[in-house]
Amino acid sequence: EVAQGDFGTSWRSHQTAISLIQRRFPATIWLTLTAIAIGLLISVPMGIISGARPRSWLAHFATFFSLVGIALPSFWLGLMLLLTLAVTLRWLPPSGYISPLENPVMGLKFLLMPAITLGIGLAAPLTRFLRSGMLDVMNADYIRTARAKGLINRLVILRHALKNAMLSVVTVFGVLLGSLLGGSIITESVFNWPGIGTLLLQAIQQRDYGIVQGVVLFISLIFMIVNLLVDLTYAYLDPRIRYQ
């Protein structure tokens, strides 16, 4: 039945789990893509520069940002953004969802706060692992050889160091991506975002076990696909890795 797309049926609404997932998944996709964009825009430059210049002020700030971002509860950050940007300044709407395809301006306004909340939670570990990876490879023999050949520092970092420093980052990114695509329950519930996370939370609260098992199975399939893509990415980043 699963192979035919039957993930279960709601015991309350008598709707199939796959139909409810299809209805909620686009909102999760928009939130995930925006959070990834914010997270990468923060973590990649900060991780590269702080790893290449470990004694600079940016390196110390990256360490502080990583520790705070990892320890910071997502629900607290979401509530602080709500109090600041929605209640006090009234720049953004507090909750809701409009597809950016229907209304790009309003869709972005609804999307911004939950995406920032997830983006910071994504950027913190990525910055930490990318910085650690850069510190490991910057003293390697092939980096010294590249510099001895006369390559400028930017090419040494982007062409030789970054690719090998990304191995651990890709592993962490795969786990975080699977969590985002599976729906961030806390963040979606704080902002009343109609995604997979709130669907699972509502099904648990209503004891609708047919939907619970369908959503859990769907999230498991997402993690399997993401892990497969991560393994294939290893072979691209490190030519020594080959899959028979």
Side-chain angles (χ1 to χ4, degrees), residues 28-78 80-81 84-85 108 111-140 143 153-184 186-188 190-191 193 197 222-223 225-227 229-234 236-238:
T28 298
I29 287 289
W30 280 111
L31 182 57
T32 299
L33 293 178
T34 310
I36 288 174
I38 294 173
L40 293 180
L41 286 175
I42 296 173
S43 62
V44 172
M46 191 180 298
I48 293 174
I49 297 174
S50 62
R53 300 176 180 177
R55 297 182 180 179
S56 63
W57 66 269
L58 185 59
H60 297 295
F61 177 77
T63 302
F64 174 78
F65 170 77
S66 299
L67 294 175
V68 173
I70 293 173
L72 199 66
S74 59
F75 70 89
W76 184 87
L77 178 59
M80 292 302 102
L81 289 176
T84 304
L85 300 179
L108 181 61
L111 187 60
L112 203 54
M113 282 195 294
I116 291 175
T117 303
L118 292 177
I120 292 178
L122 179 68
L126 292 183
T127 301
R128 180 181 180 184
F129 279 92
L130 183 54
R131 180 176 183 272
S132 299
M134 289 293 296
L135 290 174
D136 289 338
V137 302
M138 287 305 291
N139 294 322
I143 297 296
N153 193 49
R154 183 180 64 182
L155 289 180
V156 171
I157 293 173
L158 296 179
R159 186 177 297 177
H160 298 281
L162 181 60
K163 197 172 183 180
N164 291 295
M166 289 293 291
L167 287 173
S168 60
V169 177
V170 168
T171 304
V172 177
F173 181 75
V175 175
L176 296 174
L177 177 60
S179 300
L180 291 178
L181 287 174
S184 179
I186 296 177
T187 302
E188 289 188 358
V190 167
F191 294 98
W193 191 262
I222 288 177
F223 269 98
I225 296 172
V226 170
N227 286 331
L229 295 177
V230 168
D231 290 339
L232 295 176
T233 306
Y234 286 157
Y236 169 74
L237 293 175
D238 192 344

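Positions are given from 1, in the same order as the sequence printed here. None of these values were measured; they are calculated from a predicted model.
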Fill in: Residue pair Ile157 / Ala52: nearest heavy atoms and the distance that separates them
CD1-CB, 3.5 Å

Discussion item. For a 4.5 angstrom cut-off between non-hydrogen side-chain atoms, does Leu130 reach Leu162?
Written reply: yes

Fill in: Student check: side-chain heavy atoms of Met166 and Thr233 closer than 4.5 Å
no

Worksheet item: Would Leu126 and Leu40 count as a side chain to side chain contact (heavy atoms under 4.5 Å, CB included) if you check the C-alpha gap in whole Å, the side-chain angles of each, and the deciding distance to 0.1 Å?
Response: CA-CA 8 Å; Leu126 292 183; Leu40 293 180; 4.1 Å; yes

Fill in: Nearest-0.5 Å distance, CG of residue Asn227 to CD1 of residue Ile222
12.0 Å

Worksheet item: For the atom pair CD1 (Ile38) and CG (Leu33), what is the distance rounded to the nearest 0.5 Å?
Response: 11.5 Å

Fill in: Straight-line distance of Leu177 CG to Ile36 CD1, nearest 0.5 Å
4.5 Å

Practice prompt. Determine whether Val172 and Arg128 make a side-chain contact, defined as any pair of heavy atoms from C-beta on separated by less than 4.5 Å.
Written response: no

Fill in: Nearest non-hydrogen partners of Ser50 and Gly47, listed with the distance
OG-O, 3.3 Å

Item to complete: Could you tell me the separation between the CG atom of Leu158 and the CD1 atom of Ile48, rounded to the nearest 0.5 Å?
Response: 6.0 Å

Worksheet item: Quick one: does Ile143's side chain get under 4.5 Å of Val156's, heavy atoms only?
Response: yes

Worksheet item: If you look at every heavy atom in Pro125 and Leu176, which pair is closest and at what distance?
Response: CG-CD1, 3.7 Å

Item to complete: Could you walk me through whether Phe191 and Thr117 pass the side chain to side chain contact (heavy atoms under 4.5 Å, CB included) test, one step at a time?
Response: CA-CA 10 Å; Phe191 294 98; Thr117 303; 3.7 Å; yes

Please list every donor-acceptor pair under 3.5 Å in which a side-chain atom of residues 62-69 meets a protein atom from a residue at least two apart or in another chain.
from, atom 1, to, atom 2, distance (Å)
Thr63, OG1, Ala59, O, 3.0
Ser66, OG, Ala62, O, 2.8
Ser66, OG, Ala124, O, 3.4

Worksheet item: Is the side chain of Thr187 donor-acceptor paired with the backbone N or O of Ser184 at a distance under 3.5 Å, no angle test?
Response: no

Worksheet, complete the sentence: Looking only at heavy atoms, the pair that brings Gly174 and Val230 closest together is CA-CG2, 3.7 Å

Worksheet item: If you round to the nearest 0.5 Å, how far is CH2 of Trp30 from OG1 of Thr32?
Response: 12.0 Å

Practice prompt. Heavy atoms only: give me the nearest Met134-Gly51 pair and the separation to one decimal.
Written response: CB-CA, 3.7 Å

Response to the item:
Between Phe223 and Val175, the two heavy atoms sitting closest are CE2-O, 3.8 Å

